[in-house]
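In listed order, ligands and their atoms are each counted from 1. Only heavy atoms go into these numbers, but all of them, side chains included; no hydrogens, no water, no symmetry mates.
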Amino acid sequence: MSIDRLHMELGDRGYDILIGSGLLDQTGALMAPVMRGKRAFVVTDDQVGPVYLDRVLASLDKAGIAHDHTQITHGEHSKDFAHLEALVESMLDARCERSTMIIALGGGVVGDLTGFAAAILQRGVDFVQIPTTLLAQVDSSVGGKTGINTKKGKNLVGAFHQPRLVLADISVLDTLPRRQVLAGYAEVVKYGCIDDADFFTWLEANGDKVIDGDVAARRYAVAISCRAKARIVAADEREGGIRALLNLGHTFGHALEAETGYGDEILHGEAVALGMIMAFRLSARMGLAPVADADRLEGHLAAMGMPTRLSKQRHWNVERLVHHMAGDKKVKDGKITFVLARGIGKSFLTPEVPQQAVHDMLAEFIGA
Ligand SMILES: O=C(O)C(=O)C[C@@H](O)[C@H](O)[C@H](O)COP(=O)(O)O
């Protein structure tokens with residue numbers, strides 16, 4: 001089976017992003033060229049491990065790579081200081097060396113936590129991302145953002161630490177629950193909204209194939225998404241400027257996640273979908289984007305089966321959401337830099353957003 005090979009152009013920290021079916025069984029051989037030693041330490045979770053760990057370990061055996069592994073509890077709650085400490089201690093217990101390759105086998109939580117542990121273990125060791133969710137394949141495994149949540153908010157502690165390789169095995173998505181596929185699909189749509197209106201149009205025609213498991217459609221969507229992300233990250237690795245475009249929908253989305261406690265009520269990708277609709281509604285309200293484009297985005301997400309409205313079961317409060325947003329990493333001199341849009345594929349950054357417009361949009365969105 002052929003492999004799509006993209007490259008993250010970051011000089012001596014550059015790396016390949018490999019996309020294909022059945023890559024798990026080739027892990028050892030594919031990562032051998034970027035190994036500094038002959039040992040690996042695999043981190044996975046209690047949902048992914050039982051299904052895929054053995055295949056990865058067998059491929060390491062085949063390539064003559066010695067290995068240890070550990071399993072964390074799945075879910076966003078594992079992305080905290082306590083789990084980080086436990087993970088680093090387990091790496092030290094296993095006598096990981098500076099030349100040991102850390103492997104993150106799992107979704108965004110495993111990737112973010114493991115990547116951060118790799119960033120700080122012995123002041124930084126290499127790691128490989130093997131993302132097993134659509135969200136992780138199109139977004140979190142690429143670009144080197146690693147970290148954990150704190151009581152104050154999402155991803156507030158972490159490091160930019162680029163992986164040495166990303167292996168996106170499309171076939172593992174076949175076992176992913178539909179809700180998780182849809183959550184990842186939100187991040188795919190994001191790339192169309194940022195600067196690729198043609199891709200958005202393609203998604204309108206083919207999104208159901210991506211969600212329902214058509215191999216070619218999935219592979220295309222993952223490749224276009226990773227290519228877009230790699231281009232933006234290569235231009236602005238540490239988010240001094242345009243990388244913040246990748247945060248479209250996240251300022252609002254992170255506030256929804258904080259409000260709902262990072263649990264199953266709203267998954268990260270669902271929060272991003274809702275947040276993108278909010279960003280487009282705010283843009284339309286400010287006269288920057290046509291209402292028709294906000295409707296088009298919401299219509300597509302709804303047609304794919306994503307939540308586009310907040311649950312009426314919960315009492316939402318505008319002030320509380322604004323309070324969460326004030327802790328956003330894009331706040332500068334007390335002002336949030338928003339990712340807004342002039343239309344589908346025309347996103348841009350601006351700190352010039354009247355508080356009243358944000359307030360009014362949120363009030364309308366929560367139905368206050
Ligand atoms: O890679 C980036 O840059 C992104 O912003 C991608 C986001 O989709 C991703 O969720 C990221 O982890 C969020 O970063 P944060 O800086 O807003 O915590």
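Looking only at side-chain heavy atoms (C-beta outward), Lys154 and His324 stay at 4.5 Å or farther from each other. Counting heavy atoms from C-beta on, the side chains of Asn206 and Tyr220 never come closer than 4.5 Å.
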All N/O donor-acceptor pairs, side-chain side in residues 340-354, below 3.5 Å, sequence neighbours left out:
| unit_1 | atom_1 | unit_2 | atom_2 | d |
| --- | --- | --- | --- | --- |
| Ser347 | OG | Cys193 | O | 3.0 |
| Thr350 | OG1 | Glu352 | N | 2.9 |
| Glu352 | OE1 | Lys335 | NZ | 3.3 |

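A cation-pi contact, defined as under 6.0 Å to the ring centre and within 45° of the axis, links Arg314 to Trp316.
For Phe41, there are no ring pair (Phe, Tyr, Trp, His ring centres under 6.0 Å) partners, not counting sequence neighbours.
A distance limit of 4.0 angstrom between heavy atoms and ligand 1 selects the residues Asp139, Lys145, Asn155, Glu187, Lys190, Lys229, Glu239, Arg243, Leu246, Asn247, His250, His254, His268, Lys329.
Each side-chain hydrogen bond (donor to acceptor under 3.5 Å, both in side chains) pair with one or both residues in residues 281-290, not counting sequence neighbours, appears once here: Arg281-Asp295, Arg281-Glu298, Arg285-Glu364.
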